[in-house]
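Take a look at the structure below.
Hydrogens, waters and symmetry mates play no part in the numbers below; they use all other heavy atoms, side chains included. No experiment lies behind these values; they were computed from the predicted model shown. Below, chain A is the first sequence line, B the second, and so on; all start at residue 1.
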Amino acid sequence: MKKLILIDGNSIAYRAFFALPLLNNDKGVYTNAVYGFTTMLLKIIQEEKPSHMLVAFDAGKTTFRHKTYEEYKGGRQKTPPELSEQFPLIRELLDAFNIKRFELDNYEADDIIGTLSKEAEKEKWEVKVVSGDKDLLQLVSDYVTVVLTKKGITNVESYDEALIDEKYGIKPNQIIDMKGLMGDSSDNIPGVPGVGEKTALKLLKQFGTIENVLDSVDDVSGKKLKEKLIENKEQALMSKELATIFTEVPYNLTLDELKFGEYDEEKVVSLFKELEFKSLVDQFDTGVSAAEKELEELSFDVVEEVKEEHLATPAAMVVEVLDENYHQADIAGFALVHEKGRYFIPTETALRSDLFVEWAKDETKKKWLLDAKRGVVVLGWKDVLLDGVDFDLLMASYLLDPSHSSHDLSDIATRKGAKSIQADEAVYGKGAKRKVPETGVLAEHLVRKANVIYELKEQMEEELKKNEQFKLFKDLEMPLSVVLGRMETEGVKVDIDQLKAMGEDLASRLAELEKHIHEHAGVSFNINSPKQLGEVLFEKLGLPVIKKTKTGYSTSADVLEKLAEDHEIIRHILHYRQLGKLNSTYIEGLVKVTHKDTSKIHTRFNQALTQTGRLSSTDPNLQNIPIRLEEGRKIRKAFIPSEEGWKILAADYSQIELRVLAHIAQDEKLITAFKEDMDIHTKTAMDVFHVSEEDVTSMMRRSAKAVNFGIVYGISDYGLSQSLGITRKEAAKFIERYLASYPNVAEYMERIIEEARENGYVSTLLNRRRYLPELTSRNFNQRSFAERTAMNTPIQGTAADIIKKAMVEMALRLEEANLKSRLLLQVHDELIFEVPPEEVDKMMKIVPEVMENAVELAVPLKVDISAGDTWYDAK
DNA sequence: CCGATCACGTA
DNA sequence: AACGTACGTGATCGAA
């Protein structure tokens, strides 16, 4: 027997929205209604196992009922935008499930449902109507059941004729009479004033219909009621009409078209992932589809000896390394997929084959990878200089949307609708349990990965082109990954003995400080534990609590500084913290990762992580080596050239972010200031405080500097007040004066937010993108954050674009000029090289030239450069 | 053996 | 009501 489920889409979405807290995914898109809708849908499918389904939605604002009664549904709250924005997602969800959805101008979802339920009834189908609206009870019949939500979303009650009789003592077709009499405030149906459910039901039991009531109004008991009925006769009849579901909606569907059955599980899972419905993803991923995935066959060969035929190009290539840190790591195996076939090549087979090695090194043989830098570095350690990398799926995915937290191949595959594959974690295990699986499993997994890369290349490039990001991808990020790979492999030489000596010095000073602190406190405790420290300071010593964290007292440096006058112990704690940080993070940390034989450190630059386009550095992080305080700065003395007599050369952009701001905002005053190479903070102070250069005090300059920082970060009065230690009001006044002095900057800030709201994203000079869905959030904090991000990202991102371009250009120049100098590190706005003595003069010219001319802006770019025997001395 | 939290280093 | 942008690492703590 056929079973049709008709769902009132709007009603269920509303119910779900109000029943659940406002969830959102990591992009800030609200998803609670979608989630509730989904659980409801899944429950229905599971329990009812329908053969046919349809979800009806209300179409426009006005319906035929408004002709009868203009005020119909008047006074209703506007749909909250947090809900409106979820309707497209619900539609997407239904499409993924291959469930028909329907809406029609001039009619409500009720009418569509009514019409189709009558239609199905004629065919003797079993019909279930799902809604939160009691009006629909009028459709109940021998064939039609109405399922109403009770509480929450999945708590429901099924109404058949018997239950309606039990609850109301009337027949389904009398529901409209009931509504006519009592009205419905949510639809703004007036009914008869003074008549509620009780009276309405009493009347209907006696008379059957409104018409009969009115005809026999004399028989109605109660004088008042009688008067009301007579007085509101027309209104009662009209109310009944409004409550009556119209069952002859013109529709162009056949019942057969509502068939429900097969749908694309991968599409569903992919959508769930996007929405971050983790529990549902698990339910689906490990359930049916995973089993089916296993069955989907993919043929491939295991190569025993590499031959020409295995090396056709272009080829998708997998160089598998299980360690997250790929330096000097073992290769688990290779996979190649190209026109001629799919191959797994065991590591030894590949590396001992001259044919393979030559092919890898051949620039003209095009290779497509996921994470090209990883491949380049890993093979580099085996003295195989991988070349001809023509496509990097990781970079493509990152550029298209940097916000995705994972650019794991299985995630990309799911997002982009490619053949799904198992996640690495599922194949290899995680954490301590991670290991190379048996060869058969490994081979198949690698081939599948290569296959997905092969499958996605064209599509990803198309998407990049559509976004006008192809040049950024191909001419900047791809070449940069090779440059970075070389930097990582080269590594930075460290004077390990010096590090250790500094460590010993620190250790003894720390022991001394610890003793003092314990004496002052009167107890021995772990100073490194904020919890214990808090107890000592705020309970035992009774110092005033300045700030709390969600777990207890805050003992952060800015809090402690405020307490410095109150107790001698504070000074010691701050000093202990400072030295402790240096010792554990920078001495012990660096010693741990310095290679025994070479005394070199090989960081990894993550090129596909930050939301702004900057690089990051891990294992170790060489982008946060101390410099501000002399004590910490000395760490840099341990960073030395890798060859005798060479120098370390450091070149940094001066005020690159403010220059970028001047360019983007096209602010004449700022542009002129930079053209004249003025001290920008002094200049800002002059403009904000309306004084001449001589009259700028150091206090004024300090304030101006903080405002300039604030502007770049996306200013807020609160943030500025914190950094300057002034009130919010004063900070707000500062900002106001700044923006008045630089009207184009003010205009930029407004424009960029406006633009971002319209486009959904902001862009940098070289078309890097960042999506900001939270800009429309109703949550003040989320929205404010998105607004600051919209202001900051084009600035920080453009600065990142510029230095990346300089790096690629610099690598080219070094090669062309046959120089031995090597680029070692990048720290956001500076480049660190090691340089043989005879090249120092040349490099002092070339580096600034390349960096300053990386792009052409409305302002000049300025680079400061210096050389020394260590990183410390290159200042 | 992990994940969360705090604190703190850089641009 | 709670907040300046972008990161990574180490220590602690409480749970698996």
Using a 3.5 Å cut-off and no angle test, enumerate the donor-acceptor pairs between side-chain atoms of residues 529-538 of chain A and protein atoms at least two apart in sequence or in another chain.
{"residue": "A:S529", "atom": "OG", "partner": "A:K531", "partner atom": "N", "Å": "3.4"}
{"residue": "A:S529", "atom": "OG", "partner": "A:Q532", "partner atom": "N", "Å": "3.2"}
{"residue": "A:Q532", "atom": "OE1", "partner": "A:N526", "partner atom": "N", "Å": "2.8"}

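DNA chain C contains the following stems of three or more consecutive Watson-Crick or G-U pairs, with both distances under 3.5 Å: B:2-11 with C:5-14.
In summary, A:E588 and A:K500 do not engage in a salt bridge, as defined by a charged side-chain N under 4.0 Å from a carboxylate O. Note on A:D679 versus A:K683: no salt bridge recorded, every NZ/NE/NH1/NH2 to OD/OE distance being 4.0 Å or above. Salt bridge status for A:E477 with A:R768: present, with a side-chain N to carboxylate O gap under 4.0 Å. Ionic pairing of A:R509 and A:E512 is not present here: no N-O contact between side-chain nitrogen and carboxylate oxygen is shorter than 4.0 angstrom.
OP1 or OP2 of C:dT5 sits under 4.0 Å from a side-chain N or O of A:R788. OP1 or OP2 of C:dA6 lies within a sub-4.0 Å distance of a side-chain N or O belonging to A:R770.
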Polar-atom pairs under 3.5 Å, protein N or O versus N or O of nucleotides 12-16 of chain C: list them with distances, or write none.
{"residue": "C:dT12", "atom": "OP1", "partner": "A:N526", "partner atom": "OD1", "Å": "3.4"}
{"residue": "C:dT12", "atom": "OP1", "partner": "A:N526", "partner atom": "ND2", "Å": "2.6"}
{"residue": "C:dT12", "atom": "O3'", "partner": "A:S529", "partner atom": "OG", "Å": "3.3"}
{"residue": "C:dC13", "atom": "OP1", "partner": "A:S529", "partner atom": "OG", "Å": "2.6"}
{"residue": "C:dC13", "atom": "OP1", "partner": "A:Q532", "partner atom": "NE2", "Å": "3.1"}

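A:N792 comes within contact range of the sugar-phosphate backbone alone, with a heavy-atom separation under 4.0 Å but no base atom that close. Contact annotation for A:G710: base contact, defined as any heavy-atom pair under 4.0 Å involving a base atom. The residue A:Q722 sits apart from the nucleic acid: no heavy atom pair falls under 4.0 Å.
Remark on DNA chain C: of its neighbouring residues A:D619 and A:T612, the 5'-side contact belongs to A:T612, judged by nearest-heavy-atom nucleotide.
Aromatic ring pairs are classed by plane angle as parallel below 30°, tilted from 30° to 60° and perpendicular above 60°; the pair A:H327 and A:H602 is tilted.
Remark: nothing in residues 729-749 of chain A comes within less than 4.0 Å of DNA chain B through any heavy atom.
For A:D424, the salt bridge (charged side-chain N to carboxylate O under 4.0 Å, His left out) partners two or more places apart in sequence, or in a different chain, are A:K449.
When each of C:dG10, C:dC3, C:dG8 is scored by its nearest atom to the side-chain atoms of A:R728, the top-ranked nucleotide is C:dC3. Comparing C:dC7, C:dA2, C:dG10 by their nearest atom to the side chain of A:S584 picks out C:dG10.
A 4.0 Å heavy-atom criterion places the boundary nucleotides of DNA chain B facing chain A at B:dC2 to B:dA11, written 5' to 3'.
The one candidate from A:R604, A:R374, A:K600, A:K373 that meets the salt bridge (Lys or Arg N to Asp or Glu O under 4.0 Å) condition with A:E488 is A:K373.
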